[in-house]
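Numbering of residues begins at 1 and proceeds along the displayed sequence. Values below: all heavy atoms of this structure, side chains included; hydrogens, waters and symmetry mates excluded. Keep in mind that what you see is a predicted model, and the values were worked out from it rather than measured.
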Amino acid sequence: MTEPYTPSVKGAREDLRDWLRRYRTARNRKRDLDNRLKNVLADLNDPPLGGQGGGSPGSGTPSAGAAAIAYKIDEVEQRIKDQQGRMAQIFLETSEVIDLLPDIEDRQLLEKRYIDCQGWQQIEKDLYLARSNLARREAKALDTLLQHKTVQEKLATWLDGLAV
């Protein structure tokens, strides 16, 4: 069984912020993998100068380089699928935690920040609140979530995993 949650040196609120940021991190990782796949496909469609193929001249046989690129494409596509699975899991966990908030405006704020990955300026515009009010509301919402045993357990499990 997981040890009870004890805040890290950074503090409980910052631990929870880091936990909630996991979706943004996972989304950025998937974007990086998508870009990598796009670049590998571009390399395949635009071979380096020096002839086509790479087998013996005039043989028309594909080079080992083509096989390596095909392997790389397959590898990146698999990583993208794996990352999509991680994103879905993190999305569900994050949504479940945010849904614990009783106040709909607090839920909306955390959803915009941690699920929609919006910056503070955009949230200010969307919610018609000053940054200082947003910061207060976010702190209150995080403190409310930290009172839930399920949130404490998720944080403890996540922090244990980081320590390994």
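The CD1 atom of I73 sits 6.5 Å away from the CG atom of L37 when rounded to the nearest 0.5 Å. Between the CG atom of L16 and the CG atom of D143 there is a distance of 9.0 Å, given to the nearest 0.5 Å. With rounding to the nearest 0.5 angstrom, the CG atom of D32 is 11.5 Å from the CZ atom of R27. Between I80 atom CD1 and R29 atom CZ the span is 9.5 Å, to the nearest 0.5 Å.
By the side chain to side chain donor-acceptor pair (under 3.5 Å) test, D116 is found to be paired with no residue, residues two or more places apart in sequence or in another chain being considered. Not counting sequence neighbours, the partners of D34 by the side chain to side chain donor-acceptor pair (under 3.5 Å) test are K30. Every salt bridge (Lys or Arg N to Asp or Glu O under 4.0 Å) that D103 has, sequence neighbours left out, goes to R137. K140 is linked by a salt bridge (Lys or Arg N to Asp or Glu O under 4.0 Å) to D106, counting only residues two or more places apart in sequence or in another chain. Partners of T150 by side chain to side chain contact (heavy atoms under 4.5 Å, CB included), not counting sequence neighbours, listed by chain and number: L100, H148. Considering only residues two or more places apart in sequence or on other chains, E93 meets the side chain to side chain donor-acceptor pair (under 3.5 Å) condition with R22, Q89. In this view, D126 and K112 satisfy the salt bridge (Lys or Arg N to Asp or Glu O under 4.0 Å) rule, not counting sequence neighbours. R79 is linked by a side chain to side chain donor-acceptor pair (under 3.5 Å) to E75, counting only residues two or more places apart in sequence or in another chain. Checked against salt bridge (Lys or Arg N to Asp or Glu O under 4.0 Å), E96 has no partners two or more places apart in sequence or in another chain. Remark: Y23 engages F91 in a ring-ring contact (aromatic ring centres under 6.0 Å, His included) (not counting sequence neighbours).
E14 and R21 make their closest contact through OE2-NH1, 3.2 Å (heavy atoms, listed as atom of the first residue, atom of the second, distance). Pairing each heavy atom of W158 with each of D18, the nearest pair is CH2-CB, 3.5 Å.
Without hydrogens or angle criteria, Q83 side chain to A26 main chain gives a donor-acceptor distance under 3.5 Å. At distances below 3.5 Å, at least one donor-acceptor pair connects side-chain atoms of Q152 with backbone N or O atoms of L146. In terms of modelled atom types and a separation under 3.5 Å, the side chain of R107 and the main chain of L101 share a donor-acceptor contact.
Between W19 and V97, some side-chain heavy-atom pair lies under the 4.5 Å cut-off. L110 has its side chain out of reach of I115: every pair of non-hydrogen atoms, C-beta onward, lies at least 4.5 Å apart. Side chains of C117 and N28 form no contact here, defined as non-hydrogen atoms less than 4.5 Å apart. Looking at I123 and Q108, their side chains never come closer than 4.5 Å, going by heavy atoms from C-beta outward.
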Where do R36 and N39 land on the side chain to side chain donor-acceptor pair (under 3.5 Å) test, with the steps shown first?
-> CA-CA 5 Å; R36 181 173 301 149; N39 291 337; over 6 Å; no

Trace of the side chain to side chain donor-acceptor pair (under 3.5 Å) decision for D74 with Q78 | CA-CA 6 Å; D74 187 49; Q78 186 57 50; over 6 Å; no

Do L134 and E124 pass the side chain to side chain contact (heavy atoms under 4.5 Å, CB included) test, and can you show the C-alpha distance, the side-chain angles, and the key distance before you say yes or no?
-> CA-CA 7 Å; L134 288 175; E124 284 179 59; 3.4 Å; yes

What's the verdict on side chain to side chain contact (heavy atoms under 4.5 Å, CB included) for D99 and E111, showing C-alpha distance, side-chain angles and the deciding distance?
-> CA-CA 9 Å; D99 285 344; E111 286 168 351; 4.0 Å; yes

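Judged as a ring-ring contact (aromatic ring centres under 6.0 Å, His included), not a single pair has a partner in residues 101-139 (not counting sequence neighbours).
When the options R131, R17, R113 are evaluated for a salt bridge (Lys or Arg N to Asp or Glu O under 4.0 Å) with E138, the one that passes is R17.
Note on L162 and L155: same hydrophobic cluster, where clusters join Ile, Leu, Val, Met, Phe, Trp and Tyr whose side-chain heavy atoms are under 4.5 Å apart, directly or indirectly.
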